[in-house]
Amino acid sequence: MSEKETKVNRRDFVVTASYAVGAVGVAGVVWPLVDQMNPDASVKALASTEVDISSVEPGKSITVLWRGKPVFIKRRTQEEIDKARSVDINELKHPEKDEDRAANPEWLVMLGICTHLGCVPLNDKGDYDGWFCPCHGSHYDTSGRIRKGPAPTNMEVPKYEFINSKTIKIG
Ligand code: FES
């Protein structure tokens, strides 16, 4: 083999090798995208989540993550329920009956996201003893309904159900 032929062959090898690396690189990028499109077990699990509420004391709340969003689960006291249910809904910016937001009055389940610009409100705060969003001052009542401040709507109640007296399935 002449020196010229050797150089050409080396160059062919280098070109071929870089194509091969390129192909592997592309396959590496595409596969995770394709894989993400398959609704595997972990994605299905995220579609709904079961929460054990047996340790939540009256007046306390827990926050769980569902589909990457915080969900507040509040076990309300009788006083908090009475406050929520005695409101004249005609006074509300977003009129919703507490009965329609919390079928089981002891438990309020809602997305813990302020409907103004998406901050996470603080529990047991604000002028209506419910939640307060410190970002721009939205006050929510004990039903999670907007009462004062810039938020346009009540905190959203997701689809959920009681599997039994100790477990809520969200989603
Ligand atoms: S994000 Fe809550 S008041 Fe603005």
Side-chain angles (χ1 to χ4, degrees), residues 29 32-33 35-171:
V29 171
L33 292 176
D35 192 52
Q36 280 170 13
M37 286 187 249
N38 293 327
D40 66 3
S42 62
V43 173
K44 282 183 198 151
L46 286 175
S48 67
T49 188
E50 291 185 12
V51 184
D52 179 355
I53 53 169
S54 60
S55 61
V56 184
E57 300 289 333
K60 300 288 178 201
S61 75
I62 57 171
T63 303
V64 298
L65 265 191
W66 172 65
R67 293 181 178 169
K69 295 175 183 166
V71 175
F72 295 156
I73 301 176
K74 168 99 184 195
R75 185 173 182 181
R76 299 188 298 186
T77 61
Q78 192 57 51
E79 191 189 341
E80 288 167 329
I81 296 166
D82 293 345
K83 254 187 202 166
R85 300 213 161 182
S86 64
V87 173
D88 176 0
I89 65 162
N90 296 314
E91 291 173 7
L92 300 174
K93 188 193 271 188
H94 178 190
E96 272 187 318
K97 284 186 187 166
D98 184 67
E99 287 85 340
D100 294 333
R101 293 176 55 79
N104 177 344
E106 195 177 5
W107 295 98
L108 179 65
V109 180
M110 61 187 180
L111 296 187
I113 298 175
C114 179
T115 59
H116 181 223
L117 292 175
C119 290
V120 178
L122 305 170
N123 185 26
D124 283 333
K125 297 270 187 286
D127 292 358
Y128 295 85
D129 300 323
W131 287 263
F132 173 67
C133 181
C135 291
H136 312 94
S138 286
H139 299 250
Y140 297 86
D141 66 15
T142 59
S143 187
R145 295 171 298 200
I146 182 64
R147 302 298 295 274
K148 186 172 154 188
T153 57
N154 304 333
M155 281 191 268
E156 185 186 339
V157 175
K159 180 175 170 270
Y160 71 93
E161 62 179 310
F162 285 85
I163 305 269
N164 54 48
S165 62
K166 294 180 185 172
T167 315
I168 291 178
K169 181 180 166 195
I170 304 169

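As the structure lists them, so they are numbered: ligands from 1, and atoms in each ligand from 1. Quick note: numbers below take in every heavy atom, side chains included, and nothing from hydrogens, waters or symmetry partners. Since we're looking at a predicted model, the values are computed, not measured.
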side-chain contact (heavy atoms from CB on, under 4.5 Å) between Glu99 and Arg85, intermediate numbers included: CA-CA 7 Å; Glu99 287 85 340; Arg85 300 213 161 182; 3.5 Å; yes
Atom of His116 nearest atom 4 (Fe) of ligand 1 (restricted to N/O/S, atom name only): ND1
Side-chain heavy atoms of Lys74 within contact of Met110, under 4.5 Å: no
Metal check, atom 2 (Fe) of ligand 1 vs Cys114 N/O/S, cut-off below 2.8 Å: yes
Lys93 atom NZ, over 12 foreign heavy atoms within 6.0 Å: yes
Atom 4 (Fe) of ligand 1 - name of the N/O/S atom of His136 that sits closest to it: ND1
Heavy-atom nearest neighbour in the protein, as seen from atom 3 (S) of ligand 1, with distance rounded to 0.1 Å: Ser138 OG, 3.3 Å
N, O or S of Cys133 under 2.8 Å from atom 2 (Fe) of ligand 1: yes
Heavy atoms of other groups near Glu161 CD, more than 12 under 6.0 Å: yes
Ion pair Glu106/Arg75, N-O distance below 4.0 Å: yes
Ligand 1 contact on Cys119 by region, counting heavy-atom pairs under 4.0 Å: both
Nearest neighbour in protein (non-hydrogen) for atom 1 (S) of ligand 1: Leu117 N, 3.2 Å
Worked check of disulfide (SG to SG under 2.5 Å) between Cys119 and Cys135: CA-CA 7 Å; Cys119 290; Cys135 291; 1.9 Å; yes
